[in-house]
Amino acid sequence: MVKVITYGTFDLLHYGHVRLLERARALGDWLIVGVTADDFDRSRGKINVQQSLMERVEAVRQTGLADEILIEEYEGQKIDDIRRLNVDIFTVGSDWVGQFDYLNAYCRVVYLERTQAVSSTQLRADQQRLRLSLIGDAAEWTALGKMARESRYVNGLEVCALCVPGMDAPVDGLPDVAWFSDPHAAMEQADAVYLITAQQHGLARDALNSGKHVLCELPYAASVRECRELIELAKQKNCLLMPALKTAYATAFERMILLLQSGVIGRIVNIESTCTSLLKPGAEPVSSLHSWGPTALLPVLRLLGDGWVRKSALTTRHEGSSADAFTRVDFVYPHAAASIKVGNGVKSEGELVISGTKGYLYVPAPWWKTDYFEVRHENPADNRRYFYQLEGEGVRWELAAFVSAVQRGEAAPRMDEAMCMAVSRVMEEFWDGVGVVEI
Ligand code: C2G
């Protein structure tokens, strides 16, 4: 019996995939199909796969062409499978020519002509491509550029406009993206807008009023009332309003939250979250709490919620400015405590430490763009390290989540409405001096 094996994502199974499977099967008597696991696809840079692993496995099964189906989970698994299953032939489409010649050491390698013009990527591209306008302040130019670059990794998304309100087109703009100095004109070009600007409450309101979906940095607004208004407006307009906080969409961060919620360190008793950066030479002082607060608050709100019973803040301001250079906010919950330390002009160790009754979780600096964390116990032999590849600091995952949420018509933010309102509440109370001591 001649055993043949092939592997693939098989997302949105289509004619090209089926033709490949038919010809693979014709190479022998028994066909094994390896379907890639989500994590494996991510690790090899394939993101925004629309279907779950089980949906993709079921679709392959229903073709009736596979005698056996397995899951491809790690780099190098092909060698293991070929040896373990005594495979005679490995085959894959011609878009991979040369990539798997090393398997000749274990079996015959056959590249089959790829079926032209049909691909999951093209299928997705043919779907409604979400047109996105990027609108931000000049001080956020780096973030805007990163957003535009990262968008290229996300199927079904096209950045169609770039806008810094009131600014003429810069020399080093993005070549293939139209420039606007009027944010409302930029909005009109797209189905959705990304906002990273001090005026974002007003612009988010205008975007939602004109039926645009909004991906917005936090805080949505300087007050809880305005934040709630935006959330309600999005519902009235049947538009998506989603928080842009790249850390929330990073695989490592989400897996960390799931581990902690599964009790890996027991009951969470304390969270210490620090985010700092130094001001760039000549840069205008900006509020540390406004720029770093939403990120620093993310693990606190995800794990302990917004039901603190007491909150206090210590702060020091930039020389000659009302902007805080360093702020520490301490929260007391019924059975836990948390502290965030944020600095824009004061430098500290940007780590995240989550203490529990069975151990603690440690994320080294810069924890907010981590691909790695450790669960530590009394006996170091019980410590475990976790690594999850993070491309582009998580921005492309944030964009992929936004596109998917718009396509599905349902918000799937990693921060829910209550958390977004809690961020605005912390900001509002800070600026109102509630529980704030100046040092
Ligand atoms: N394919 C094809 N014609 C198409 C699209 C895909 O012949 N129009 C083939 C691919 O060459 C591949 C298989 O169908 O052999 C599955 O394609 P994908 O689901 O896109 O997965 P891919 O990442 O290309 O799989 O490690 C090997 C990879 O997993 C190959």
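Whatever order the structure lists them in is the order used to number ligands and atoms, beginning at 1. Excluded from the calculations below are hydrogen atoms, water molecules and symmetry mates; all remaining heavy atoms, backbone and side chain alike, are included. Worth saying up front: this structure is predicted, and the values here are computed from it rather than measured.
Remark: of the listed residues Arg61, Arg25, Lys3, Arg25 is the sole one forming a salt bridge (charged side-chain N to carboxylate O under 4.0 Å, His left out) with Asp67.
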ask   = Given Arg56 and Asp11, is the side chain to side chain contact (heavy atoms under 4.5 Å, CB included) satisfied, shown in steps?
value = CA-CA 6 Å; Arg56 294 182 284 120; Asp11 188 32; 4.1 Å; yes
task = Assess whether side chain to side chain contact (heavy atoms under 4.5 Å, CB included) is satisfied between Thr115 and Tyr15, documenting all intermediate values.
result = CA-CA 8 Å; Thr115 304; Tyr15 173 64; 3.9 Å; yes
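At a heavy-atom cutoff of 4.0 Å, ligand 1 is contacted by the side chain of His14 but not by its backbone. The side chain of Asp95, and not its backbone, has at least one atom closer than 4.0 Å to an atom of ligand 1 (non-hydrogen atoms only; side chain from C-beta on).
Those atoms of ligand 1 that come under 4.0 Å of a heavy atom in Tyr7, given as number and element, are 25 (O), 29 (O), 30 (C). Close approach of ligand 1 to Val92 (heavy-atom distance below 4.0 Å) involves ligand atoms 15 (O), 30 (C). Atom numbering of ligand 1 starts at 1 in the shown order; those under 4.0 Å from a heavy atom of Gly93 are 11 (O), 15 (O). Atom numbering of ligand 1 starts at 1 in the shown order; those under 4.0 Å from a heavy atom of His17 are 6 (C), 14 (O), 16 (C), 17 (O), 18 (P), 19 (O).
Identified under the salt bridge (charged side-chain N to carboxylate O under 4.0 Å, His left out) test for residues 342-367, with sequence neighbours left out: none.
Considering Val33, Thr9, Val97, Thr6 only, the shortest heavy-atom separation from atom 21 (O) of ligand 1 involves Thr9.
For a threshold of 3.5 Å applied to N or O pairs, the pair formed by Leu20 and ligand 1 contains no separation below that value. For ligand 1, the polar-atom distance check against Phe100 finds no nitrogen or oxygen pair separated by under 3.5 Å. Every N/O-N/O distance between Glu113 and ligand 1 stays at or above 3.5 Å. For the pair Trp96 and ligand 1, the shortest N or O to N or O distance falls below 3.5 Å. Inclusion of Lys78 in the set of residues having an N or O under 3.5 Å from an N or O of ligand 1 is warranted.
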Scan the side chains in residues 210-219 for donor-acceptor partners under 3.5 Å anywhere in the protein, sequence neighbours excluded, and list what turns up.
{"unit_1": "Ser210", "atom_1": "OG", "unit_2": "Asp206", "atom_2": "O", "d": "2.9"}
{"unit_1": "Ser210", "atom_1": "OG", "unit_2": "Ala207", "atom_2": "O", "d": "3.0"}
{"unit_1": "Lys212", "atom_1": "NZ", "unit_2": "Ala190", "atom_2": "O", "d": "2.8"}
{"unit_1": "His213", "atom_1": "ND1", "unit_2": "Leu240", "atom_2": "N", "d": "3.0"}
{"unit_1": "Glu217", "atom_1": "OE2", "unit_2": "Tyr194", "atom_2": "OH", "d": "2.6"}

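Between His17 and His14, the ring-plane angle classifies as parallel under the 30° and 60° cut-offs.
Among all heavy-atom pairs drawn from Leu31 and Leu65, the shortest one is CD2-O, 3.5 Å.
Formation of a donor-acceptor pair under 3.5 Å by the Ser424 side chain with backbone atoms of Met421 is not found in this model.
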